[in-house]
Each structure stands twice: as C-alpha cells, then as structure tokens.
Amino acid sequence: MYYKVSGVTGKLTGVTAASAYSPQGLKPTVPSQAPPMIFAVPTKVVSETGSVAHYMGINKVPELQKIFQKTDGAPVHLKRGVMDKMLYRTTMGLTIGGTLYCLMALYIAAQPRKPQ
C-alpha cells in the first residue's frame, strides 16, 4: 500500500499504486505537438566547404614543440624567454607580498585594543 499526505486533513492516507506515482494529483501528460528543434538551421556538409580548412592563423605547434622539448634545464614555464621570467617574478613577488600583508593584518588583529 502507498501513502501520501492529504491536502485537506494534513495526515497520511492510503492511496492506490496509480495515484502514488502522481504526487498531489498531478497527472503525467504527453505534449500534443513535438517541441521545436533548437538547432533547426541548415548545416554545411563537409563536401561543400572544400578540402581546405581556414584557420585564424598559421600552425605554431611545431615551433612550440621545438622550444618546449629542448633539454636546456629550464622549467617549462620559463622556456619562452624574458616575458616568461618577468611574469614568473611578478607572480612570485605579488604572492610573497600578499602573504606578508596577510600576516601583518593577522598580527594587528591579534593585538588587544587600547581603552580610550
């Protein structure tokens, strides 16, 4: 036997199996029309575009592979030169500065207030 809360009395009442699966009297319905397709626009077939793919720029992957696969002992995040080193040092400086600022704020917050 299945139970559901009565809307009138607020107590549990016994119900049949069919109404137990439609809570609070809701009945499952089937839509009369199929919903419209979201992507109902014409698409291009591969043969229409031709055999040439158009990209925004040239393929730089082989050049970057040569740069990053060199065994020069530098970490990967510093292999591209001066800009990488500047970005790394700036990030480390901001991280250390932020850590020191947080420690200073914690120290100030831990001090008792002076009575006025």
Side-chain angles (χ1 to χ4, degrees):
M1 177 165 226
Y2 297 99
Y3 298 95
K4 76 175 188 180
V5 177
S6 171
V8 178
T9 62
K11 296 181 181 180
L12 287 177
T13 58
V15 293
T16 61
S19 65
Y21 293 112
S22 56
Q24 301 303 320
L26 299 175
K27 303 291 182 207
T29 60
V30 177
S32 59
Q33 296 178 351
M37 290 181 58
I38 296 174
F39 300 107
V41 294
T43 57
K44 289 184 179 180
V45 182
V46 175
S47 62
E48 292 177 8
T49 61
S51 61
V52 178
H54 299 284
Y55 297 106
M56 296 296 287
I58 60 172
N59 186 6
K60 297 181 182 179
V61 172
E63 298 169 15
L64 294 174
Q65 283 178 340
K66 288 178 187 173
I67 292 171
F68 288 117
Q69 291 177 354
K70 268 195 269 182
T71 56
D72 56 359
V76 173
H77 58 275
L78 298 176
K79 287 217 181 211
R80 290 184 69 186
V82 176
M83 286 303 291
D84 281 349
K85 289 178 185 175
M86 286 176 48
L87 180 63
Y88 176 74
R89 290 179 181 161
T90 302
T91 304
M92 286 298 111
L94 288 171
T95 302
I96 292 169
T99 303
L100 292 175
Y101 181 75
C102 286
L103 291 174
M104 183 186 71
L106 283 171
Y107 176 77
I108 291 171
Q111 300 300 317
R113 291 186 175 223
K114 295 178 183 174
Q116 293 186 15

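Heavy-atom basis, side chains included; hydrogens, waters and symmetry copies ignored.
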The single option from L94, T99, L100 passing side-chain contact (heavy atoms from CB on, under 4.5 Å) against I96
L100
When every non-hydrogen atom of I67 is compared with those of K79, the smallest separation belongs to O-CD, 3.6 Å
To the nearest 0.5 Å, what is the distance between CD on Q111 and CG on L106?
11.5 Å
Which atoms form the tightest heavy-atom contact between D84 and L78, and what is the distance?
O-CD2, 3.7 Å
Calculate, to the nearest 0.5 Å, the distance between atoms CG and CZ belonging to L87 and R80 respectively.
11.5 Å
Name all residues meeting the salt bridge (charged side-chain N to carboxylate O under 4.0 Å, His left out) criterion together with K85; count only those two or more places apart in sequence or in a different chain, and write none if there are none.
none
More than 12 non-hydrogen atoms from neighbouring residues, nucleotides or ligands closer than 6.0 Å to CE on M104, yes or no?
yes
Listed by chain and number, what are the side chain to side chain contact (heavy atoms under 4.5 Å, CB included) partners of M92, not counting sequence neighbours?
Y88
